[in-house]
Amino acid sequence: MSPTTSSTADTSPPDESIIDASDFDGAEFLADPYPLYRRLRRHHPVYHDRLHNQWHVTRYRDLVEAFRDEGAFGTRPHSYETDGVLGPTMLSLGGAEHAEQRNLVSDALVGRKLDAFTPIVRDVARSLVDGFAGRGRVNLTQEFTSQLPIRVIMTMLGLPMEDFALFQRWYQQFMMGMGWADDTRATALRARAEYEAYMTPFLEARRRNLGEDLTSRLIREGVPDPALKTFVSLLLSGGGETTDKAMGNMWLNVLQEPELVARLEADHGLLDHYFSETMRHSPPVHREDRGATRDVELAGTLIPYGAVVRLWIASGNRDETVFDDPDRFDPFRGDLYSERDLRAGYFRDGLFGHLGFGLGRHFCIGYQLARREAIVGAEELLRVMKSPRLADEQMDTIRARKRGSSIRSVGDLLVEFDPR
Ligand code: HEM
């Protein structure tokens with residue numbers, strides 16, 4: 001071989017089928033995970049990542065199968081991350097025990113019972129919006145989306161609103177602590193101790209003076225204090241940050257396209273589609289973890305008993321065999337089911353639904369409340385904001401806030417508008 005030939009650089013493109021598992025920890029993945037999801041879907045739909053010893057599931061239909069097969073894909077891996085901070089939550093339970101906990105509240109968050117709470121959502125949204133209506137400029141995430149869900153849940157539970165700042169800090173510290181980093185974990189456990197010390201006298205007082213709020217209802221049903229404390233912290237964490245981030249992502253998607261803003265201003269009835277498409281295109285929760293409770297085969301790959309299985313919701317939502325041009329944010333796409341989200345099914349009227357609220361046994365209990373907050377919140381914003389647009393200095397995009405996080409969102413969302 002001549003020296004010239006031997007030194008010729010290899011110009012062939014890198015083989016995209018070769019996955020480097022350390023990419024899951026890299027800056028590129030943190031900033032934009034979708035290219036890796038696509039390569040996994042295409043080449044390794046069930047991928048054994050030997051570095052972290054996890055199995056990654058990325059195609060829509062396999063995710064549906066795994067979420068629905070709780071016999072093979074159990075919820076044990078939550079217990080350190082979630083239960084260590086919040087106490088034993090329904091997220092890590094199965095069978096009758098899970099059903100019992102879930103049934104205590106699930107009906108309060110849907111249907112007519114939820115309708116009774118809608119005026120609360122509107123009142124809270126209105127009071128927030130009135131704070132910046134005349135200003136022509138707002139940090140939407142700080143002044144609106146991060147406030148609305150916690151204030152609504154606190155009102156539903158009858159928690160004193162003057163302590164909003166405390167609850168906001170606690171739930172943020174709980175969320176940050178649900179991982180393996182020692183410092184955030186320690187902060188979360190301190191927050192937990194403070195929260196417990198606050199809740200003990202609060203619950204004692206409520207027991208002596210029951211009202212119509214959700215806490216009083218749970219006390220009447222005989223739920224003991226430790227379970228109540230865990231439950232309230234689960235609602236604040238599960239329903240606060242997720243809904244905040246979903247609203248932030250929705251507004252970022254919309255504000256990037258003036259045409260979408262104009263259509264929305266002309267017809268608020270489109271909000272259901274805008275929300276559903278956000279939950280498909282940019283869901284705040286990217287994955288849920290499961291543990292294989294036995295050897296199980298998925299998409300031709302054997303997943304062994306005890307394996308940690310990562311169900312990549314956000315990847316399934318961009319599966320090109322299910323959604324046309326999946327990377328495009330298009331609330332008018334004809335292939336997404338945009339009606340009421342479905343716990344059991346994912347396919348209705350020939351259309352597939354997004355997976356943003358999970359599926360099956362642990363399907364989100366707050367799915368209707370979250371949608372209601374996003375829609376009523378948007379109606380109230382549009383009541384005071386004409387021609388909302390991203391401020392020139394808006395740089396933030398949707399990304400994970402910390403390594404290993406499954407939550408993705410825009411940080412600060414700076415919006416300018418003409419006051420109405
Ligand atoms: C857009 C906002 C929301 C998103 C993206 C979201 C996402 C999810 C997902 C993906 C799950 C499934 C967990 C799993 O399979 O392991 C879940 C479960 C859950 N969510 Fe949500 N959620 C949202 C809003 C809410 C709200 C508003 C509440 C309550 C106020 C709530 C309370 C819960 C609870 C308690 C569970 C556990 C259900 C069970 O284990 O049976 N979520 N959520």
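Just so you know, residue 1 is the first one in the sequence shown, and it goes up from there. Whatever order the structure lists them in is the order used to number ligands and atoms, beginning at 1.
Near Arg361, with a cut-off below 4.0 Å to any heavy atom, the atoms of ligand 1 are 41 (O). Interface of Gly358 with ligand 1, defined as ligand atoms under 4.0 Å from a residue heavy atom, comprises 10 (C). Residue-ligand proximity, Ala246 to ligand 1, at heavy-atom distances under 4.0 Å covers atoms 1 (C). Taking a cut-off of under 4.0 Å to the non-hydrogen atoms of Leu235, the atoms of ligand 1 that pass are 29 (C), 30 (C). Near Leu234, meaning under 4.0 Å from one of its heavy atoms, ligand 1 places the atoms 35 (C).
Counting heavy atoms under 4.0 Å from ligand 1, residue Lys245 does not touch it at all. Both the backbone and the side chain of Met90 come within 4.0 Å of ligand 1, judged by heavy-atom distances. Only the side chain of Arg290 comes within contact range of ligand 1, with a heavy atom under 4.0 Å; no backbone atom does. Here Arg102 has side-chain heavy atoms under 4.0 Å from ligand 1, and that is the only part of it that gets that close. If you look at Cys364 next to ligand 1, the close heavy atoms, those under 4.0 Å, come from the backbone and the side chain alike.
Within the set Met156, Glu241, Glu288, Glu373, the minimum heavy-atom distance to atom 10 (C) of ligand 1 is found for Glu288. The nearest non-hydrogen atom to atom 38 (C) of ligand 1, considering only His362, Gln368, Arg371, His354, comes from His362. Which of Phe357, Phe275, Tyr367 comes nearest to atom 11 (C) of ligand 1 through a heavy atom is settled by distance: it is Phe357.
The ring of His362 has its center closer than 6.0 angstrom to the ring center of His98.
Within the 4.0 Å heavy-atom cutoff, Pro284 counts among the residues contacting ligand 1. Residue-ligand proximity: Met247 is placed with every non-hydrogen atom at 4.0 Å or more from ligand 1. Residue contact check for ligand 1: His98 places a non-hydrogen atom closer than 4.0 Å to it. Taking 4.0 Å as the cut-off, Gln101 does not count as a neighbour of ligand 1 on heavy-atom distance. Taking a 4.0 Å cut-off on heavy atoms, Phe67 registers as neighbouring ligand 1. For Met279, the closest heavy-atom approach to ligand 1 falls below 4.0 Å.
With a 6.0 Å cutoff to the six-membered ring centre and a 45° limit on the axis angle, Arg328 does not count as a cation-pi contact of Tyr34. Cation-pi check for Arg263 over Phe332 is met; the charged atom lies under 6.0 angstrom from the ring centroid and within 45 degrees of its normal. Because its NZ or CZ atom is not both nearer than 6.0 Å to the ring centre of Tyr37 and within 45° of the ring axis, Arg318 does not count as a cation-pi partner of that residue.
With hydrogens and angles left out, the side-chain atoms of Arg287 and Ser315 include no donor and acceptor closer than 3.5 Å. Between the side chains of Asp213 and Ser216, at least one donor-acceptor pair of N or O atoms lies under 3.5 Å. Under the 3.5 Å distance criterion, with hydrogens and angles disregarded, no donor-acceptor pair is assigned to the side chains of Ser127 and Arg151. For the residue pair His281 and Asp330, no side-chain donor N or O sits within less than 3.5 Å of a side-chain acceptor on the partner. No hydrogens or angles considered: a donor-acceptor pair under 3.5 Å links the side chains of Thr145 and Asp244.
Judged purely by atom type and a 3.5 angstrom limit, Arg333 uses its side chain to pair as donor or acceptor with the backbone of Asp324.
Among residues at least two apart or in separate chains, there is no ring-ring contact (aromatic ring centres under 6.0 Å, His included) pair with a member in residues 110-132.
Applying the ring pair (Phe, Tyr, Trp, His ring centres under 6.0 Å) rule to His273 yields no partners; only residues at least two apart in sequence or on another chain are considered.
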